[in-house]
Amino acid sequence: MTPRRVTLFSGHYGSGKTNLALDYALRLKEQFENVALADLDIVNPYFRSKDSEAALAQKGIRLIASPYAGTNVDAPALPAEAYALIDDKRIHAVLDIGGDDRGALALGRYAPAILEEGDYDSFLVVNFFRPLTRTAQEVVTVMNEILVAGKIPYTGIINNSNLGEQTTPELVLSTVEKAEELSRLTGLPVVRTTVMPELFDALKDQIVNLDPITLTVHQSWAYKEE
Amino acid sequence: MSEKVLMKGNEALAEAAIMAGCRHYFGYPITPQTEVAAYMSKRMPKIGGCFLQAESEIAAINMVIGVASTGKRVMTSSSSPGIALKSEGLSYLAGCDLPALIVNVQRGGPGLGGIQPSQSDYFHATRGAGHGDFHMIVLAPDSVQEMVSLTFRGFDLAEKYRMPAMLLSDGTMGQMMEPVSLEACEVNSYDKSWALTGTKGERKPNIVNSLFLKPEELEQFNFDRYERYRQIEENEAMFESYRMDDAEICVVAFGVAARVSKNAIDEARKQGVKVGMIRPITLWPFPKAALNKAADQVKAFISVELSMGQMIEDIELSTRCKKPVLLCNRVGGMIPTTEEVVKSILSANEMGGEQA
């Protein structure tokens, strides 16, 4: 799939948007010189792409985030620089949109320019193991709420269903049918099913467009129960 | 075991409360606990429950008192500054002998502080959190799964002893996502003949009140309440013992600090240090007996916390100051790193039983 100039990741919060956006930006950088990632999350106080700023800078990817992200300032501020991504056509831009309709409100202000240019992909990220998006129908409800707020039609679905460290191939397989149902309900293609690299081999012959995703963030409190 | 879902701590405790039969939630938004209210606002209307965003924290806790008076399961949640505002209501709940669950997803303080995680409301939670002689049961989860089980436990103990229970969480525990199995735990049925449910003209009215005109009467209520507290201290203390069998150093930590500490203990063990942990699950009642017993076994204790040594007092009291208690901490929204805790363990091990 040819990357569009602007790629958006949005969905129910906790679906994995931030990780997918980070991963996507890193891959874009392999093809294009000028790549930037914008953290437009105005909802989540913790666990932001801002946390990966140093790692991104090392790879030469510009991060555009609220100056308040990761600080004690609890303000839903948007980075002023974000407009540069929309205006400067030389940049390949990745936009990490905050969760649910409230998060997508931030997108609304950039929507006219993105739609006018027309060179974009907007992916609906889905994790069927999240409590309020257990079924295709529930995802449609969330999707419609986001569309009203964000004003940019989706172009594809990414099935990122996972239970964190406890994800098994069987669990991923159990969501394939739901993703297909979501595709039928929305008319959108399932462009990718994303899994941790260690699950890739077990699933690669069973799921089309399977894609291994690397998680880069590790926290000291992320204790693994034995 | 039921099927697992991936949930934030804040969402998991909210769903657990609903599963436990709570149909009344009153709150006022504050980071980092806002997901509790957000989740309740989506779920309660679908199941015939009541979600109400009050005009203030003080209004919310007084609404809790109202519903609790009727014997219905009720909760509120907030974060540190908001919990401080609820303090008067907590005292009234205790003074009226009313059960309720209060969730504190702690953030850095004092004052407005910050929105990053903290455990610095330890004194506030364990020392009564309001005026007058009283206690709350204080439960400290260290995983999203425990957010679920301790929410059930909180409602159960609150109703068993007719008193407020607090789930003392922190920003990290509230915001982090983990797979969780939403298993229904038991909330027992207790006598609620005291509840205000309408007399139908068939009985004398019940009165829920914390005002007593006769000091002798008020004194007796305090004596009776403290008799219940004594039973709770005797019977309800919960803790987890981790690698303590041959331990010479004992880490004491709860919540997010216990998670970091487990990683640090595993690392220090690889370096040959015999170290373990006692993780208090109830902060009140504090697991005094377990710590006192450990004091006869280990050379020193290390209190790992996101506060300025507040838990040290309880460790020293429990152990009658038999062994030194060192402090390994970060505050203001910072979390100790695994390396910092390992370093503290190694230095405690070198120092042995000598006073810090």
Side-chain angles (χ1 to χ4, degrees), chain A residues 12-19 41-48 51 68-76 98-103 126-135 138 141-142 145 160-168 170-171 174-175 215 217-226, chain B residues 3-8 11-12 14-15 29-35 38-39 42-43 79 107-108 112-117 142-145 170-182 255-266 306 330 332-333 335-341:
Chain A
H12 179 41
Y13 76 90
S15 55
K17 300 174 297 291
T18 297
N19 263 308
D41 192 338
I42 55 165
V43 177
N44 275 312
Y46 299 1
F47 316 137
R48 305 272 300 259
D51 299 341
Y68 304 132
T71 73
N72 274 331
V73 181
D74 196 6
D100 289 344
D101 48 335
R102 280 164 209 174
V126 181
N127 181 354
F128 286 109
F129 294 106
R130 290 279 296 142
L132 300 180
T133 56
R134 301 301 306 279
T135 66
E138 285 179 334
T141 303
V142 171
E145 289 169 359
N160 186 48
S161 295
N162 74 88
L163 267 184
E165 300 281 343
Q166 295 181 21
T167 315
T168 62
E170 293 72 32
L171 285 173
S174 75
T175 65
L215 299 178
V217 185
H218 180 77
Q219 309 280 11
S220 61
W221 40 263
Y223 185 74
K224 288 179 195 173
E225 296 287 340
E226 276 147 29
Chain B
E3 202 184 335
K4 286 191 174 179
V5 287
L6 191 66
M7 289 183 103
K8 279 195 175 195
E11 299 169 327
E15 183 59 35
I30 181 170
T31 306
Q33 69 78 52
T34 300
E35 293 81 6
Y39 194 88
K42 283 201 180 251
R43 286 280 281 127
S79 179
R107 58 188 250 180
L112 205 47
I115 61 168
Q116 301 294 330
D142 86 332
S143 66
V144 176
Q145 191 67 58
D170 67 74
T172 310
M173 300 301 308
Q175 294 294 326
M176 64 185 279
M177 281 198 189
E178 277 185 324
V180 59
S181 161
L182 290 167
V256 65
R259 296 172 70 96
V260 179
S261 295
K262 275 188 185 174
N263 286 333
I265 287 164
D266 292 350
L306 278 66
R330 294 295 298 272
I335 302 173
T337 62
T338 311
E339 294 72 30
E340 284 164 353
V341 181

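Labels below follow one simple rule: chain letters A, B, ... track the order of the sequence lines, proteins then strands, and each chain is numbered from 1. FYI, side chains are in, hydrogens and waters are out, and symmetry mates aren't considered; it's all heavy atoms of this structure.
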Among Gly114(B), Pro179(B), Gly108(B), the residue with the most heavy-atom pairs under 4.5 Å to chain A is Pro179(B)

Pair count under 4.5 Å, heavy atoms only, with chain A: among Pro32(B), Gly171(B), Gly113(B), highest is Gly171(B)

Between Asp41(A) and Gly103(A), is there a donor-acceptor pair closer than 3.5 Å when you use the side chain of the first and the backbone of the second? no

Can any side-chain N or O of Lys17(A) pair as donor or acceptor with the backbone N or O of His12(A) at less than 3.5 Å? yes

Is the backbone of Leu182(B) close enough, under 3.5 Å, to the side chain of Glu15(B) for a donor and an acceptor to pair up by distance? no

Using modelled atom types and a 3.5 Å cut-off, is there a donor and acceptor pairing between side-chain atoms of Arg107(B) and backbone atoms of Leu112(B)? yes

For Lys42(B), is it the side chain, the backbone, both, or neither that has a heavy atom closer than 4.5 Å to a heavy atom of chain A? side chain

Measuring heavy-atom distances to chain A, does Glu11(B) have an atom under 4.5 Å in its side chain, in its backbone, in both, or in neither? side chain

Options Thr167(A), Leu132(A), Asn127(A), ranked by heavy-atom pairs under 4.5 Å with chain B, top entry: Leu132(A)

Sequence neighbours left out, what passes side-chain contact (heavy atoms from CB on, under 4.5 Å) with Ala14(B)? Give chain and number order. Val36(B), Tyr39(B), Met40(B)

Which bit of Phe128(A) is near chain B, if near means a heavy-atom gap under 4.5 Å: side chain, backbone, both or neither? neither

With chain A, the option among Ala264(B), Pro117(B), Ser261(B) that has the most non-hydrogen atom pairs under 4.5 Å is Pro117(B)

Answer yes when Glu178(B) and Arg259(B) have at least one side-chain N-carboxylate O distance shorter than 4.0 Å, and no when they do not. yes

